[in-house]
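Working notes, beginning with the structure itself.
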Amino acid sequence: MPVIEVRNLHKRYGAKVAVEDVSFAVEEGEIFGVLGPNGAGKTTTVECVAGLRAPDRGTVSVLGLDPRRDRIELTRRLGVQLQASRLPDKMKVREAVELYASFHDRPADPGRLIEELGLAGQRDTRFGRLSGGQQQRVSIALALVGDPKIAILDELTTGLDPQARRDTWQLIENVRDRGVTIVLVTHFMEEAERLCDRLAVIDGGRVIAVDTPAGLVARVAPEQRVRFRPSAPLDDRLLQDLPEVRTVTKTGGQVVVTGTDGLVQAVTSVLARNHIIAADLRVEQSSLDDAFVALTGRPLDPPTL
Ligand code: ATP
């Protein structure tokens, strides 16, 4: 049985339609991604899931509860880390986690949580003096301090450097391994591909697709791409005549060939027959980026770093 069920959710702000007929279900124990560009309606959707906004239409059920009606009961089981939530700069890490723990009947042990999140050394550091990555760890701690069954994490790694981002991903996996179901809102493709078991792609307030990252990639033409620098001038027709080849493009000294299964062998044997060496040969598979373009007709906005 799903732990979250969203059916035909609609939400507008005045004339602006933010969420239009969004439906999806999240299974227990998974990392479920909500992926889409800025302004797609991701935050509004998860705010409705958390009971922080009232939908105009549609139903939301979280662990069998109605997030608006059963708000108090839900806060015991659902941890939320919302975008840009910030603590007072002067508050120490330990004070913040203990304060949030005091809001719950059966909180996690603050000391242990601080340690698990790699913040033992910053226990007595003020929030304003932490690095971006450490501040994000504190916000994860606050989302987990009530020992929730489900955690909603919104744009967790925006603004982090690549190492801090990778560390945060590891942390999220550890949290999932402890049995917490995670809803991860992101506009960062690599994050979705690396972390999510399944994801909903949202664009313009609508769900475009719900699938595993691999399933989404498999929906687009299972394309291969080969790049190389030929050691001698190359007649395009040699490649274009191959049944495996779809397109051939040349940029600078580089040739990019796209096509279907068997492309690499077909291209390399034609080159060998013509005594051309393929320098810097690279083979690329379709990625979630390609799937996003195929589904929405444009690339996902680059993340704001
Ligand atoms: P982002 O990643 O930029 O936060 P998002 O996918 O989370 O984007 P939402 O924050 O849900 O998107 O916003 C969806 C749309 O609704 C956007 O066009 C946004 O400008 C608009 N919107 C969001 N909150 C409000 C509000 N309180 N009042 C008016 N419009 C809003």
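Residue numbers run from 1 in the order of the sequence given. One-based numbering, in listed order, for ligands and for the atoms of each.
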Is any side-chain heavy atom of Phe292 less than 4.5 Å from a side-chain heavy atom of Pro37?
yes
Between Ser23 (side chain only) and Asn8 (backbone N and O only), is there a donor and an acceptor less than 3.5 Å apart?
yes
Under 4.0 angstrom from ligand 1, any heavy atom of Gly14?
no
State whether Glu73 and Arg76 are salt-bridged, where the test is any N-O pair (Lys NZ or Arg NE/NH1/NH2 against Asp/Glu carboxylate O) under 4.0 Å.
yes
Check: Thr44 N/O within less than 3.5 Å of ligand 1 N/O:
yes
What atoms of ligand 1 come within less than 4.0 Å of a heavy atom belonging to Glu155?
2 (O)
Basic-acidic side-chain contact under 4.0 Å: Lys250, Asp236
yes
Quick check: does Gly39 get an N/O under 3.5 Å from an N/O on ligand 1?
yes
From atom 2 (O) of ligand 1, work out which of Glu47, Lys16, Lys42 has a heavy atom at the shortest distance.
Lys42
Looking at Leu78 and Ala50, what are the two nearest heavy atoms and their distance?
CD2-CA, 3.7 Å
Less than 4.0 Å is my threshold; does some heavy atom of Gly36 fall inside it relative to ligand 1?
no
Under 3.5 Å, N or O to N or O, is Thr43 touching ligand 1 that way?
yes
Note: Asp235-Arg237 ion pair, threshold 4.0 Å (strictly below):
yes
